[in-house]
Amino acid sequence: MFIVPKTAGGRPWLLGSLVAAGLISAGAGAWFLNAVAPETQAAVANQPHVPKRPPVEVVEALPQLKERLDRLAANKQFIGGVLVAKGDQVLFRQVYGKANYEQDTPFALDTRFRLASVSKQFTAVAVLKLQDEGKLSVNDPVCKWIEPCPDAWAPLRIHHLLSHTSGIPDLMAQAEWGRIRVTPRTPQELTETSAQYRLQFEPGTKVRYNNAAFNLAAQIVSKASGQPFETYLEQSILRPLGMKDTGSDVNDDAQGLAMGYGLFPAGLTPQPIANVSIVAGAGALYSTLDDMLAWNRGLHQGHVLSRKAYADLIADHAPDDMPKRRGPHRAYGYGVYVSALGERTSAPFSDRQIYHTGSWAGFRNLVSYQPDEQVTVVVLSNNYHLRDLVLLINQQAMAEALGRPVPAALAR
C-alpha cells in the first residue's frame, strides 16, 4: 500500500478526492504515483542512476514557440535560454541574446545561469534523501539540529522549514535588509541573526514564503550528513545524476556564469553583486538547460528519492484554512509548488504541473514539469524584470508540447 504523507496542519492536494473514491489501496492510480513512471517506481533512494543525456544541440521542433521567441529576440524583448522535452526527447533547445553584454560574450547552449529560488527544491530533496538514509526525519525538532536554539523555536519541525510554515521572519523582513543583501555571511551568522527574532505566527498555521527557513534546512543537512551542505549535495545528488554543470556559488568560485541584468530607464544594467552566501540553502545554485532536464528526469522518475519521500515532496502542506488566492489553487510542497499553472493564461489548460520560480541578482527563471506526459519546460533568463514574460513563455511551451491551444497572453 502506498503511504500518504503526513502534513502538519495541511493536506495532500489530492487526498480528499482519493479517499472519497476509495483509491488509497495497492495499485491505486493516484496522480502523484503516476508522476513516477511504472518501470522506475521500484527505484530506491540509494540507487544511483544517470539519466540518458541527449546531445546538446539546437532543436526547434515546436514551430509556434520558435516563431514567438524569434520575434521577441529580434525586438530584444527576451534574453536567455529555453528547453522543452517530452520524456528524454528534446523538442526545443535554443538561446537568445548574450551571456555578458559588457564582454560581448554570446550564450552557449550550456551556459550556466543562477537558479535563484529554483534551488529550494534541491535543499528539500537533500533533507528527504537524508530521511531515506535514516539520518533524520522531517518531524524532527529544529532544535535537535541547531545549537544554540532559541526557546521560540521549540515548536518548530524541519517540516515547517521546508513548507514555508515556520513563522521565522524572512531575510527581507529582518532589520537592515539593505546591508544584509550585500554583506557575505556564514551559515552560522545567518542562523544567529534569525534567532534574534520572535516567530511571526504559530508554526504550521500560516504560509509565508521564507528564504531564512531554507538556509536553516541547509544547515541541518550539513549537521546530519557530517559534510558541508554543498558537498553532500554534490556527492549524493548532483554527481549521481551526471549534473556536472550544477553547483553552489557560495564561495564565488563558479566559472562560466552568465551576467545577470535588470531593465532600468538607462537600459539593460548589469547586476554583478550576487552575494548568494545569504541564500545558501534558498537560492545559491547555478545550472544549465540540460542539467535541469536531467534533474527533472531523475527526480520525477524515481531515481533520487523513495516513493514516500517523493510523495512528501509534492504534497500540499498548507494549512486547511489558508486564505483563498486568485487563480488556480497552488499546493505548497517542499521547495516546489503544484498547480494548474496553465489556467493563468488566456487559453487556460488544467494540467497539473510541478514547478518553481527563481529571481535573484538579475535572473528570472521558471522550471516546470507535467508528470502525466512527462513534459519538462526550462526557461532561464538573465533579465530580472521579465517575470510575466518568463511565465508566459513557459506556459506557451508547455501548451504546445502537450498539444493544447497555445495562449497569446496571461490572464488578466
Side-chain angles (χ1 to χ4, degrees), residues 79-80 99-103 105 111-124 126 161 164 168-197 209-222 228-234 238 245-264 266 268-288 335 356-366 380-387 390:
I79 57 175
N100 191 309
Y101 284 87
E102 289 65 45
Q103 298 178 6
T105 305
T111 293
R112 295 172 171 181
F113 291 76
R114 296 191 187 280
L115 290 181
S117 288
V118 175
S119 305
K120 287 182 172 66
Q121 60 196 274
F122 291 86
T123 302
L161 302 180
H164 300 288
I168 295 172
D170 193 20
L171 299 174
M172 299 172 194
Q174 297 175 5
E176 299 184 332
W177 161 243
R179 182 174 62 83
I180 292 172
R181 173 67 181 82
V182 297
T183 305
R185 297 286 185 92
T186 66
Q188 186 60 37
E189 288 172 335
L190 291 170
T191 299
E192 291 171 356
T193 300
S194 291
Q196 296 173 13
Y197 297 89
Y209 191 81
N210 201 310
N211 295 283
F214 273 81
N215 286 339
L216 282 171
Q219 193 170 1
I220 291 172
V221 168
S222 180
F229 168 69
E230 295 80 12
T231 301
Y232 178 79
L233 191 67
E234 198 277 331
L238 302 180
D245 288 312
T246 303
S248 173
D249 191 32
V250 164
N251 297 316
D252 296 322
D253 56 1
Q255 303 297 313
L257 285 173
M259 174 62 71
Y261 293 88
L263 191 57
F264 296 97
L268 204 61
T269 305
Q271 306 293 296
I273 303 177
N275 188 28
V276 295
S277 70
I278 65 170
V279 286
L285 300 188
Y286 59 84
S287 191
T288 64
H356 208 286
T357 57
S359 57
W360 188 265
F363 290 82
R364 183 69 66 168
N365 312 312
L366 175 54
L380 306 176
S381 174
N382 59 335
N383 183 342
Y384 178 87
H385 289 106
L386 295 186
R387 183 190 65 179
V390 165

For [X], salt bridge (charged side-chain N to carboxylate O under 4.0 Å, His left out) partners two or more places apart:
{"X": "Asp245", "result": "Arg112"}
{"X": "Glu230", "result": "none"}
{"X": "Glu102", "result": "none"}

Donor-acceptor check, side chain of [X] to backbone of [Y], threshold 3.5 angstrom: yes or no?
{"X": "Asn211", "Y": "Val279", "result": "no"}
{"X": "Asn275", "Y": "Arg181", "result": "yes"}
{"X": "Trp360", "Y": "Ala274", "result": "yes"}
{"X": "Tyr286", "Y": "Gly256", "result": "no"}
{"X": "Gln103", "Y": "Asn100", "result": "no"}
{"X": "Thr193", "Y": "Glu189", "result": "yes"}
{"X": "Ser359", "Y": "Arg364", "result": "no"}

Check: Parallel, tilted or perpendicular: which describes the rings of His164 and Phe214, with under 30° parallel and over 60° perpendicular?
Finding: tilted

Would you say that [X] contacts [Y] through its side chain, given a criterion of any heavy-atom pair below 4.5 Å between the two side chains?
{"X": "Thr111", "Y": "Thr105", "answer": "no"}
{"X": "Leu190", "Y": "Ile278", "answer": "yes"}
{"X": "Ile79", "Y": "Leu268", "answer": "yes"}
{"X": "Phe229", "Y": "Val250", "answer": "no"}
{"X": "Thr183", "Y": "Arg185", "answer": "yes"}
{"X": "Leu115", "Y": "Leu380", "answer": "yes"}

Item checked: Results of side chain to side chain donor-acceptor pair (under 3.5 Å) for Thr191 - residues two or more places apart only -> Gln219

Note to self: Going by side chain to side chain donor-acceptor pair (under 3.5 Å), name the residues that satisfy it together with Tyr384, two or more places apart in sequence or in a different chain.
What the structure shows: none

What are the two closest non-hydrogen atoms of [X] and [Y], and how far apart are they?
{"X": "Asn382", "Y": "Ala258", "answer": "ND2-CB, 4.3 Å"}
{"X": "Ile168", "Y": "Leu216", "answer": "CD1-CD1, 3.4 Å"}
{"X": "Leu233", "Y": "Ala126", "answer": "CD1-CB, 4.4 Å"}
{"X": "Ala218", "Y": "Gly281", "answer": "CB-CA, 3.6 Å"}
{"X": "Val118", "Y": "His356", "answer": "CG2-O, 3.7 Å"}
{"X": "Val390", "Y": "Asn365", "answer": "CG1-C, 4.0 Å"}

Check: Roughly how far, to the nearest 0.5 Å, is CG of Leu386 from CG of Leu263?
Finding: 7.5 Å

Notebook entry, point to check: Roughly how far, to the nearest 0.5 Å, is the CG atom of Asp170 from the CG atom of Asn215?
Noted result: 9.0 Å

Give a yes-or-no answer on whether the side chains of [X] and [Y] include a donor-acceptor pair shorter than 3.5 Å.
{"X": "Ser117", "Y": "Lys120", "value": "yes"}
{"X": "Ser194", "Y": "Gln174", "value": "yes"}
{"X": "Asn383", "Y": "Ser381", "value": "no"}

Next item on the list: Report, as yes or no, whether the 6.0 Å neighbourhood of atom CD on Gln255 holds more than 12 heavy atoms from other residues, nucleotides or ligands.
Entry: no

Checklist line | Stepwise ring pair (Phe, Tyr, Trp, His ring centres under 6.0 Å) test for Tyr261 and Tyr101 | finding: CA-CA 10 Å; Tyr261 293 88; Tyr101 284 87; 5.6 Å; yes

Checklist line | Test ring-ring contact (aromatic ring centres under 6.0 Å, His included) applied to Phe113 - qualifying residues, sequence neighbours left out | finding: Phe107

